[in-house]
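Accompanying notes for the structure given below.
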Amino acid sequence: MRRYDPEEIELKWQSYWQEKGLFLTGRDPHRRKFYCLEMFPYPSGKIHMGHVRNYAIGDVIARYKRMRGYNVLHPMGWDAFGLPAENAAIQHGVHPAKWTYENIDYMKKQLQRMGFSYDWSREVTTCSPEYYKWNQWFFLKMYEKGLAYRKSSAVNWCPSCATVLANEQVIDSRCWRCDTEVQEKELEQWFLKITAYAEELLRGCDELSGGWPEHVIAMQRNWIGRSEGVEMDFPLADGSSSIRIFTTRPDTLWGATFVCLSPMHPLAEKLIEDTARLEQLRASYGNTEDKEGLFTGRYAINPMNGERIPVFIANFVLMEYGTGAIMSVPAHDQRDFEFARRYNLPIRVVIVPEAGLKEPLDAAYEGEGIVKDSGEFSGMKNTDAIKAIGQYIEKKGIGKRVVNYRLRDWGISRQRYWGTPIPIVYCDRCGTVPVPEDELPVLLPENVTLSGTGLSPLAQTEEFINTRCPECGGRARRETDTMDTFVDSSWYFIAYCFPDGEIDIAAALNKEDSEIHYWMPVDQYIGGVEHAVLHLLYSRFFTRVLKELGLVRTEEPFRRLLTQGMVCKETLRCPEHGWLLPEEVDNGRCSKCGSTVIHGRVEKMSKSKKNVVDPDYLIKTYGADTSRLFSLFAAPPEKDLEWSDRGIEGAHRFLHRLWNLVQSKRQQLEAVKDSPLQTSENSMSLYRKTHQSIKKATGDIEQRYQFNTAIAQLMELFNSISSFRPDNDGDWTVLRFSIKSLLLLLSPFAPHIAEELWQAIGEEPSIFEQPWPEWDEEAAREEEIELVIQVNGKVRSKRSVPASLDEDSLKEIALSDEKVQRFLDGRQVRKVIVVRNRLVNIVV
RNA sequence: GCCGGAGUGGCGGAAUUGGUAGACGCAAGGGACUUAAAAUCCCUCGGGGCUUAGCUCCGUGCCGGUUCGAGUCCGGCCUCCGGCACCA
């Protein structure tokens, strides 16, 4: 009998599938389409276990849908621009392009070795001019529509990466990539006006509900951060000017005891003579520890009650949100409360909860209550007063109701080399001029000096900078910033819609029969939750813009989203030598110094913590099928997966047993290939188990994406198969049917072994051209069920009874049961609850 | 602080609509085969108690509620994980 040699069969079938072009995709109007997409990788060098898991999940769905008769688009590509390539160039002197393309070559081989069913003819690589040309094209379209604009603004600057970061890329005031603390810097930047779509992006969230995980939708809503309030002017007492404030709590207007301006507010400089002190305060702007302020010596008039209140500059007031100025109500806002306490400002209660308030307050009361000391609004519920006062303000013309968003425009300028050049030139005569469409792409020059000194590489490349003005033909200078790489990934799912990877966006515009309309939206998107805001929000924004351009018809690019959990592993640590690899541990001791090794938390696999598992090693040791099977079996897709060396052995053992069983019986199985299925008393339970397994596994894959339980069911079916003893030819036909079903059900998870054994029992390849098996509800039904008999909700007896019995018979059986009798002894039966096919509960 | 999510055997995890808690796998223990080991196969496997072929009590983070019946629903806590965080 042949031994199970994963490498041999996996390579064999991978080349078979490729030669046959089994996963190449074309438009087919007669079949329902299914677009299955996994987030494309950054070509960092090698794939990691997170990729294996992500792509294994996607591959199950793609292969399953294909067998279900869908026309499936399942593409793959490379998110190939980005900093690591440039850093590698600086450190090792390799050109970013060479580094990137070599990594792509290696990683592509790895993905192919995993046997994923991609249509490689549609592969996209974002750093190729054929791709980034369209980044530039989209930029120009947005520029035309006023959605791309340049402004000087305070930006997040990462000194280590020597570039600007988007708000979304700053995590706890640190760089998302290198963890360096970000600084603030004033720079001319290009922005995309995502805020123009704030309301639409928010409303679109409702549509996503059901298809996306609720917590991701919540994060998006949160990020957009809509809030309703009013804007109104507080005139200065001397009449020289006025301060426009924004508040969501107009019901507390009578409780305002001072006004605060942001230190960055233009008026701040005018109101403060002592510029040194203002500078000092600006230095603490954004400091969340302490609230500091500066009294301007000026007063403002509260338009609601005519009261004169002091004007402060306060470091906690953000210029970027609302109007950069607030009215302060210390009694009902904790921040104002803290500020008021520090500077001894009055605290006036105007909202009282039912239980009353104890004054002096030790914290602001921010809850609901009844309005007091507020003119005609006194006595109202504050929630009603918010509306009433809003209307009043508008009627009186002293302010207006407005909606504010937390979302900021997307700053896309990066002072780095390895990205898409922004297609703009600056001419002394004509100003800012877009590069004409027919001159695209603006190519990245190859000969650049990558020193890592902080100056943008393109800004030091004369041949690139110097150009002619497209309008007047005079000398002009190119924009030297490149685009944020999130631009690349904001539309790559549309690039895949073009056959043969030949992207021509312009030709697809307003094209009635565009393939984009056929494939979009993505039916199932799969990726890490770390992109819950960044990439997913940008993509939703882009798709809306592209819809207006006439390129797509949908607003939402991703109908369903599955966010897979992280792949984790235990960490090992030596008090002397830090993180340790498993092979650096000897009998619980550090192999370098002999200290007792600390078994740390189970954490996300990372090179720095030395708790990674290399997919190459897994493939070599166990093969692709085992690696896939384990990562799907160990946990449901959305949950974190804890790595287990023993667990992967278990998955391998399962495939090995399956191999041995089928191979040892292949002759008998093949002999009954053309015989009709014939069940008997002996084979009935296996036959039933098979139908039950088809039903259960199909439901788990189709409705719940619960691959772990689907696989568990396949293991159960396998256990039934291996304990079955066929007596005659009829039994062999049932065994053949069960094994065929098992192989079909297993094929999305472990495609190579399924294909090999499919052929071994005399079937024609490919198994992936077979329809998904159907179950027969009748055949799946149990003839006998185990009836549970409870007395007062406690299990007292179990009986095997025919499944067909009606409620009365079940009741009778329960009441006459010997064991049950003991518990009924002399007691009055008050009620009997019968749940058919499950249980009878007798209440006494 | 606010918004999400989760807490079930020694471990990863099942239990789909409120109906037998612990499927499947891993680990562990016992046995078979073997000169031996590995591999493989078979059996046991939540905890306690008893008069131990069996019987019985307890058990899904904690407290309470609804229900004939709660891992599942409701209210209140605790712990852990993730996101946001001076957004007025």
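Within every chain, numbering begins at 1; the chains are lettered A, B, ... in the order of the sequence lines, protein sequences first and strands thereafter. Computed from a prediction, not measured in an experiment: that's the story for all the values here.
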Mate of [N] where both pairing distances stay under 3.5 Å, Watson-Crick or G-U:
N	answer
G7(B)	C78(B)
U44(B)	A28(B)
G18(B)	none

How many Å lie between [atom1] on [X] and [atom2] on [N], as a whole number?
X	N	atom1	atom2	value
E642(A)	C26(B)	CD	C1'	11 Å
H652(A)	U40(B)	NE2	P	11 Å
K689(A)	A23(B)	NZ	P	12 Å
E214(A)	G83(B)	CD	P	19 Å
L641(A)	G13(B)	CG	C1'	11 Å

Expected rows: protein N/O vs nucleotides 48-54 of chain B N/O, under 3.5 Å:
none

When only distance counts, do a donor and an acceptor, one from the side chain of K696(A) and one from the base of U16(B), lie under 3.5 Å apart?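 In this structure, the two groups form a donor-acceptor pair.
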M232(A) and its side-chain contact (heavy atoms from CB on, under 4.5 Å) partner, picked from T247(A), I393(A), T323(A), N302(A): I393(A)
With the 90 degree cut-off around zero defining syn, does G49(B) come out syn or anti?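 That one's anti.
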Of all the choices, G13(B), C58(B), A27(B), which nucleotide is nearest to the side chain of R653(A) once you look at every atom?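 Within the option list, the nearest is A27(B).
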Report the residue (K831(A) or A712(A)) whose heavy-atom-nearest nucleotide on RNA chain B is the more 5′ of the two. A712(A)
To the nearest 0.5 Å, what is the distance between CG (L815(A)) and CD1 (I842(A))? 4.5 Å
Just checking, K291(A) and F316(A): is the charged tip under 6.0 Å from the six-membered ring centre and within 45° of the axis?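 Yes, a cation-pi geometry.
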In residues 248-261 of chain A, which ones come under 4.0 Å of RNA chain B, going by heavy atoms? T248(A)
Between Y343(A) and F339(A), how do the two ring planes meet: parallel, tilted or perpendicular, split at 30° and 60°? tilted
